[in-house]
Amino acid sequence: QVQLVESGGGLVQAGGSLRLSCAASGGAFSSYAMGWFRQAPGKEREFLATINWSGGSKVYADSVKGRFTISRDNAKSTVQLQMNSLKPEDTAVYLCAAGFVLGTGSNLYPYWGQGTQVTVSS
């Protein structure tokens, strides 16, 4: 079973950038599809981006396409989310997840990190 720990969150001004990282341990990282989701207070968990085991396939939500980039380093068992042109509405807890198939539904990912807070000020 894989364990996931996110890092890199913080407070940033609108228009700024952050780079989130998720470190995996305890499992065969290179066999998992990895996803990033976010959840704001009072809102449902929202899919952001996902990447397949090799990094050759990526899917993005329309809300972040062109601003966010997902990548992975199988040698280091990490997945990153580069976030540019941040907006106040991007404020949320950001979570990474591991699953066995590439997809946008949170139900496809059995393993989750605890999340890292991202706050974008206007």
Side-chain angles (χ1 to χ4, degrees):
Q1 182 170 339
V2 64
Q3 291 82 46
L4 305 172
V5 179
E6 302 93 338
S7 62
L11 174 64
V12 64
Q13 288 188 332
S17 298
L18 280 176
R19 184 175 179 85
L20 305 183
S21 186
C22 174
S25 62
F29 178 78
S30 61
S31 67
Y32 293 107
M34 299 298 298
W36 282 99
F37 293 75
R38 68 186 178 191
Q39 190 159 19
K43 294 188 177 181
E44 292 187 355
R45 190 163 294 184
E46 178 188 9
F47 164 78
L48 300 175
T50 186
I51 187 168
N52 77 330
W53 68 274
S54 69
S57 294
K58 305 175 184 179
V59 179
Y60 293 95
D62 287 343
S63 60
V64 304
K65 198 172 295 183
R67 298 191 299 128
F68 292 9
T69 302
I70 190 171
S71 61
R72 68 187 296 159
D73 184 338
N74 286 342
K76 297 182 179 179
S77 298
T78 59
V79 60
Q80 291 78 35
L81 187 68
Q82 177 66 42
M83 306 187 295
N84 299 327
S85 303
L86 284 162
K87 307 173 183 179
E89 52 263 44
D90 292 319
T91 296
V93 174
Y94 283 66
L95 306 106
C96 73
F100 301 105
V101 296
L102 190 71
T104 62
S106 60
N107 61 311
L108 296 174
Y109 297 86
Y111 307 113
W112 292 82
Q114 293 297 310
T116 185
Q117 176 70 44
V118 171
T119 303
V120 184
S121 63
S122 58

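Residues: numbered from 1 along the sequence shown.
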Under the side chain to side chain contact (heavy atoms under 4.5 Å, CB included) criterion, do E89 and S63 qualify, and how do the steps go?
CA-CA 10 Å; E89 52 263 44; S63 60; over 6 Å; no
Is there a chain of hydrophobic side chains (I, L, V, M, F, W, Y, each step under 4.5 Å between heavy atoms) that links L48 to L95?
no
May I ask whether F47 and M34 are part of the same hydrophobic cluster, defined by side-chain heavy atoms of I, L, V, M, F, W, Y residues being less than 4.5 angstrom apart, directly or through others?
no
Step by step, would you call V118 with R38 a side chain to side chain contact (heavy atoms under 4.5 Å, CB included)?
CA-CA 9 Å; V118 171; R38 68 186 178 191; over 6 Å; no
Check L108 against G103 and note the closest heavy-atom contact, atom names and distance.
CD1-CA, 3.5 Å
Could you state whether V101 and I70 fall into the same hydrophobic cluster, counting links through intermediate Ile, Leu, Val, Met, Phe, Trp or Tyr residues with side-chain heavy atoms under 4.5 angstrom apart?
no
N52 side-chain N/O to S57 backbone N/O, donor-acceptor pair under 3.5 Å
yes
Does V12 share a hydrophobic cluster with F68, counting links as ILVMFWY side-chain heavy atoms below 4.5 Å and allowing steps through other members?
yes
With clusters defined by side-chain heavy atoms of hydrophobic residues (ILVMFWY) lying less than 4.5 Å apart, directly or transitively, does L86 cluster with L11?
no
Supply the atom-to-atom distance R72 CZ to K58 NZ, rounded to the nearest 0.5 angstrom.
10.5 Å
One should read off an interatomic distance between R19 CZ and S7 OG, to the nearest 0.5 angstrom, of 10.5 Å
Please walk me through it: do W53 and L102 pass side chain to side chain contact (heavy atoms under 4.5 Å, CB included)?
CA-CA 9 Å; W53 68 274; L102 190 71; over 6 Å; no
Please list, chain by chain and in numerical order, all residues satisfying ring pair (Phe, Tyr, Trp, His ring centres under 6.0 Å) with W112, sequence neighbours excluded.
F37
P110 to A98 - nearest heavy-atom pair and separation
CD-O, 3.2 Å
Nearest-0.5 Å distance that lies between atom SG in C22 and atom OH in Y94:
15.0 Å
Ring pair (Phe, Tyr, Trp, His ring centres under 6.0 Å) filter on Y111, not counting sequence neighbours, yields Y32
Distance check, rounded to the nearest 0.5 Å: Q39 atom CD versus E46 atom CD?
10.0 Å
Rounded distance [0.5 Å steps], OG1 in T116 versus CG in L18
8.5 Å
Can you tell me if N74 uses its side chain to pair, donor with acceptor, with the backbone of S77 under 3.5 Å?
no
How long is the gap from CD on Q1 to OG on S25, to the nearest 0.5 Å?
10.5 Å
Hey, is D90 close enough to K87 for a salt bridge, meaning N to O under 4.0 Å?
no
Please report the closest heavy-atom contact between E6 and Q114, naming both atoms and the distance.
OE1-N, 3.2 Å
Heavy atoms only: give me the nearest S122-P88 pair and the separation to one decimal.
CB-CG, 3.8 Å
Under 3.5 Å, side chain of Y109 to main-chain N/O of A33, donor-acceptor pair present?
no
When W36 is tested against each of L20, V64, I51 for side chain to side chain contact (heavy atoms under 4.5 Å, CB included), which residue passes?
L20
Donor-acceptor contact present, side-chain T91 to main-chain V120, <3.5 Å:
yes
